[in-house]
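All chains are named by letter (A, B, ...) in the order of the sequence lines, taking the proteins before the strands, and each is independently numbered beginning at 1.
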2 protein chains.
Amino acid sequence: MAPRMGRQPLTTRAALSHVALRLFLERGFERTTVDDIARAAGIGRRTLFRYFPSKNDLPWGDFDAELARMRAILAATDTAVSLVDALARAVVEFNRFPPEEAPFHRERMNLLLNVPALVAHSALRYAEWRRVVSDFAAGRLGVAVDAIEPTVIGWVFLGASLAAYEQWLRSDNSNLIELLESALLLLKEGFAPGELPTVEPGGRT
Amino acid sequence: MAPRMGRQPLTTRAALSHVALRLFLERGFERTTVDDIARAAGIGRRTLFRYFPSKNDLPWGDFDAELARMRAILAATDTAVSLVDALARAVVEFNRFPPEEAPFHRERMNLLLNVPALVAHSALRYAEWRRVVSDFAAGRLGVAVDAIEPTVIGWVFLGASLAAYEQWLRSDNSNLIELLESALLLLKEGFAPGELPTVEPGGRT
DNA sequence: ATACTTTCGGCACTGAGTGCCACTAGTCTG
DNA sequence: CAGACTAGTGGCACTCAGTGCCGAAAGTAT
């Protein structure tokens, strides 16, 4: 009947992430204790810490699987596509998801980009993501992963992605994919002198 | 005699940061408790938390003052200098320090870039730094600070700086300023297709 | 001396995260 | 079916970071 030996797990990472997310939205991240989440999920506090190493990891769900997906997208890219284009396409593809999941994803990112404890913790997840990008770039450029070019490229694509996410969260009716594309376009157009127009001051919002 | 009213402070942020840094190097960050640091500094644990809001902030010392310096450097830049050049020069200037402080700064950055708790926490400090860059960029471009261009620019310069720091820490006899300049040059040369040379392998350093 | 102001630090508490270990719920073998 | 084996569960006790409270200490001003 059951596939594996031994006792079957009571729940899943996804289910716990879901429960936690709901509580975080209801009461706020700081005012939700790990006990609250475990109780709401019907498991022991000790057990919860076997599914997730920390409270901060709960909103991230199964990010390892997402990273594997990113790696797969890059690996499947035609080698005729330039490095920058390959990464730009992969970033866009990586952040595509069914429209019905948008509200969920939106709230998750709202937490990750605004709750200080999560902003801090996310640096560790971003580092893993940058590593995927750097690995790919290093392979394409024929240099070591810890060389300066792949490292900068990792940072630059992360920055563009997060800048797009911040824009996305700022207005209700914006399109994440479009924002990502325009952020990535900024990278491609580069920062050569004069190319970023030296607009006359005063045009704030 | 004493300048202010009331009891005089027993110590300073700088002194505490110094004591903490020494202990972190001796025993490691995780195995040093806040009690250890307070005891070594000859103050109460409760008092230490009035000087620094968290253990993670100790290695950073007085970063607010550093940020003010960065702002001042940017404000003093000739408006004839392009945005990207202005930021590049400011980044280099910001990271210049007396050579005798190099070993100290090196160990501090070694902790900040390698201890997971500090890598995470540092995201909050980096956000403040990015904000300084974005503010300047927004002013020059005549757009809102929360527009996408200044945000991307903040990320991109942060990434270049940290990539240079990682290189710096990797080898004993490297020059931080030179590494920063070459990382920033990568940004200026841009990421247009074909512009990142498909270098033949082997060119590490 | 006395009032006032500021820093200090002890105490008690919350909450995250961990090591240990017995218990539970399954499968597998004979 | 009994017993061996295996993997998930969760209670307990502990460490450590961080906070609120409040009285004591160490200064200055009058």
Check: Of the nucleotides C:dA16, D:dT9, D:dC5, which has the atom closest to the A:Val34 side chain?
Finding: C:dA16
Checklist line | A:Asn56 CG to D:dA17 P, straight-line distance once rounded to whole Å | finding: 17 Å
Next item on the list: Let me know the distance between CD1 of A:Ile37 and C1' of C:dA16, rounded to the nearest Å.
Entry: 11 Å
Notebook entry, point to check: Looking at C:dT24, does its base get a donor-acceptor pair with the side chain of A:Arg7 below 3.5 Å?
Noted result: yes
Could you tabulate the donor-acceptor pairs under 3.5 Å formed by side-chain atoms of residues 152-164 of chain A, not counting sequence neighbours?
{"residue": "A:Ser161", "atom": "OG", "partner": "A:Phe157", "partner atom": "O", "Å": "2.8"}

Check: Once you round it to whole Å, what is the distance between P of D:dA17 and CG of B:Leu118?
Finding: 12 Å
Checklist line | Base D:dG10 to side chain A:Arg50, donor-acceptor N/O within 3.5 Å cut-off | finding: yes
Notebook entry, point to check: For A:Val145, does its backbone N or O pair with a side-chain atom of A:Ser134 as donor and acceptor, under 3.5 Å?
Noted result: no
Next item on the list: Report the distance from atom CG of A:Leu10 to atom P of C:dC23, rounded to the nearest whole Å.
Entry: 18 Å
Checklist line | Residue pair A:Glu128, A:Arg131: steps toward the salt bridge (Lys or Arg N to Asp or Glu O under 4.0 Å) verdict | finding: CA-CA 5 Å; A:Glu128 294 169 357; A:Arg131 174 67 189 223; over 6 Å; no
Next item on the list: Measure from the side-chain heavy atoms of A:Ser54 and tell me the nearest of C:dG17, C:dT6, D:dG8.
Entry: C:dG17
Check: For A:Tyr51, which contact category applies under a 4.0 Å heavy-atom criterion: base, sugar-phosphate, or nothing?
Finding: sugar-phosphate
Note to self: Just the rounded figure in Å: distance from P of C:dG15 to NZ of B:Lys55.
What the structure shows: 21 Å
Checklist line | Candidate nucleotides D:dT9, C:dT27, D:dA25, ranked by approach to the side chain of A:Met5 - the nearest | finding: C:dT27
Note to self: Among residues 40-49 of chain A, which ones have heavy-atom contacts with DNA chain D below 4.0 Å?
What the structure shows: A:Ile43, A:Gly44, A:Arg46, A:Thr47
Next item on the list: Search all heavy atoms of B:Gly61 against all heavy atoms of B:Arg13 and return the closest pair with its distance.
Entry: O-NH2, 3.1 Å
Next item on the list: Please report the closest heavy-atom contact between A:Asn56 and A:Phe29, naming both atoms and the distance.
Entry: OD1-CZ, 3.2 Å
Checklist line | Between D:dG10 (P) and A:Arg39 (CZ): distance, integer Å | finding: 13 Å
Next item on the list: Mind calculating the distance between CD (B:Gln8) and C1' (C:dT5) to the nearest angstrom?
Entry: 11 Å
Please report, to 0.1 Å, the donor-acceptor pairs under 3.5 Å made by any side chain of residues 65-77 of chain A, with sequence neighbours excluded.
{"residue": "A:Glu66", "atom": "OE1", "partner": "A:Arg69", "partner atom": "NH2", "Å": "3.1"}
{"residue": "A:Arg69", "atom": "NH2", "partner": "A:Phe94", "partner atom": "O", "Å": "2.7"}
{"residue": "A:Arg71", "atom": "NH2", "partner": "A:Asp135", "partner atom": "OD2", "Å": "2.4"}
{"residue": "A:Thr77", "atom": "OG1", "partner": "A:Ile73", "partner atom": "O", "Å": "3.0"}
{"residue": "A:Thr77", "atom": "OG1", "partner": "A:Leu74", "partner atom": "O", "Å": "3.2"}

Notebook entry, point to check: Over how many whole Å does the gap from B:His121 atom NE2 to D:dG18 atom C1' extend?
Noted result: 13 Å
Next item on the list: Could you tell me which non-hydrogen atom of A:Lys55 sits nearest to which non-hydrogen atom of A:Thr32, and how far apart they are?
Entry: NZ-O, 2.7 Å
